[in-house]
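Before any comments, here is the structure.
Only this structure's heavy atoms are used, side chains among them; waters, hydrogens and symmetry mates stay out.
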Amino acid sequence: KELDKDATEATEGFLRPTDIDEVKVEQQEDGLDGAPYSIKASLCCNYKPGLLSDLRRILEALHLSIVKAEIATLEGRMKNIFVMANCKELNFENTEVCQSFVSSVHQAIRSVLDKFSATEEFLLGAKLSNKRRRVSLFDSSLSSSSDYLW
């Protein structure tokens with residue numbers, strides 16, 4: 001606990017992955033780089049090859065371009081913060097449209113994370129199921145029965 005506290009104090013102000021998987025998506029008050037609307041998303045999880053390329057594909061499907069990205073890794077964990085601008089013309093004056101769009105982005109990022117988590121669980125289960133089963137040389141059902149004596 002003391003080492004964790006010291007590490008937290010030493011890295012204060014720096015991007016640092018946490019032990020908890022999380023996805024946060026929020027609307028930015030002011031657009032970035034001339035874009036009228038931007039979204040900030042953060043994702044913290046175990047590092048998985050292919051995760052970032054899947055995230056990029058999903059974000060492009062939502063007509064978002066990444067304007068700024070911060071990525072930090074620590075002991076197999078990663079934390080990503082993306083600021084994205086919308087490339088598609090939507091009515092962002094309407095609060096309901098904005099909330100719906102933010103929710104869609106959150107669901108899309110969460111689905112990518114869930115996909116990789118499910119794959120990880122499947123692979124872990126497959127590794128465990130490939131272990132040898134212990135088999136007794138003596139069949140306990142036969143040894144307890146008195147009918148099967150020599």
Side-chain angles (χ1 to χ4, degrees), residues 1-137 139-141:
K1 288 181 180 182
E2 193 173 317
L3 286 174
D4 191 39
K5 179 184 163 202
D6 291 344
T8 301
E9 289 173 1
T11 59
E12 193 171 321
F14 293 100
L15 187 61
R16 182 175 164 228
T18 60
D19 293 338
I20 301 167
D21 287 353
E22 66 180 356
V23 175
K24 292 181 183 176
V25 180
E26 58 191 27
Q27 177 184 347
Q28 294 291 103
E29 290 301 317
D30 298 321
L32 240 76
D33 290 348
Y37 183 78
S38 62
I39 293 175
K40 181 178 180 179
S42 68
L43 166 70
C44 190
C45 62
N46 286 330
Y47 171 75
K48 299 159 185 83
L51 179 73
L52 293 176
S53 62
D54 280 9
L55 276 174
R56 183 186 51 80
R57 237 176 284 144
I58 281 268
L59 297 174
E60 284 176 355
L62 290 169
H63 304 285
L64 290 168
S65 62
I66 298 173
V67 179
K68 181 181 174 185
E70 294 180 57
I71 301 173
T73 59
L74 179 66
E75 295 182 358
R77 302 272 307 159
M78 68 179 189
K79 182 162 188 168
N80 307 294
I81 297 178
F82 302 106
V83 177
M84 302 159 288
N86 190 351
C87 304
K88 193 176 179 184
E89 293 297 320
L90 290 174
N91 179 13
F92 292 113
E93 305 296 318
N94 185 339
T95 312
E96 205 171 288
V97 170
C98 291
Q99 290 295 58
S100 175
F101 193 68
V102 167
S103 178
S104 296
V105 172
H106 186 275
Q107 287 176 331
I109 293 172
R110 187 79 215 171
S111 71
V112 170
L113 182 60
D114 290 345
K115 172 188 147 189
F116 278 88
S117 295
T119 303
E120 191 175 78
E121 287 173 14
F122 174 76
L123 291 175
L124 181 61
K127 285 180 185 177
L128 293 175
S129 66
N130 286 339
K131 287 187 173 184
R132 280 186 176 177
R133 281 188 12 199
R134 292 185 184 188
V135 179
S136 173
L137 295 176
D139 187 358
S140 62
S141 64

Gap between atom CD1 of Ile58 and atom CG of Leu64 - 0.5 Å precision: 11.0 Å
For the student: nearest non-hydrogen atoms of Asn46 and Asp21, plus distance: N-OD1, 4.0 Å
Over all atoms of both residues, closest heavy-atom pair of Cys98 and Gln27: CB-OE1, 3.6 Å
Verdict with supporting geometry, Leu55 and Phe82, side chain to side chain contact (heavy atoms under 4.5 Å, CB included): CA-CA 10 Å; Leu55 276 174; Phe82 302 106; 4.1 Å; yes
Close side-chain approach of Leu52 to Ile71, heavy-atom, < 4.5 Å: yes
Cys44/Met78 under side chain to side chain contact (heavy atoms under 4.5 Å, CB included): CA gap, chis, key distance, verdict: CA-CA 6 Å; Cys44 190; Met78 68 179 189; over 6 Å; no
Minimum heavy-atom distance Asp54-Lys115, with the two atoms named: OD2-NZ, 2.5 Å
Heavy-atom closest pair, residues Ala72 and Pro17: O-CG, 3.6 Å
Nearest heavy atoms of Ala41 and Met84, plus distance in Å: CB-CE, 3.6 Å
Gap separating the CD1 atom of Ile81 from the CD1 atom of Ile66, nearest 0.5 angstrom: 13.0 Å
Please output the side-chain donor-acceptor pairs of residues 99-108 that fall under 3.5 Å, not counting sequence neighbours, one pair per line with the distance.
residue, atom, partner, partner atom, Å
Ser104, OG, Ser100, O, 3.0
His106, NE2, Val23, O, 3.2

Step-by-step side chain to side chain contact (heavy atoms under 4.5 Å, CB included) determination, Val112 to Leu43: CA-CA 11 Å; Val112 170; Leu43 166 70; over 6 Å; no
Distance, nearest 0.5 Å, that separates CG of Leu74 from NZ of Lys79: 12.0 Å
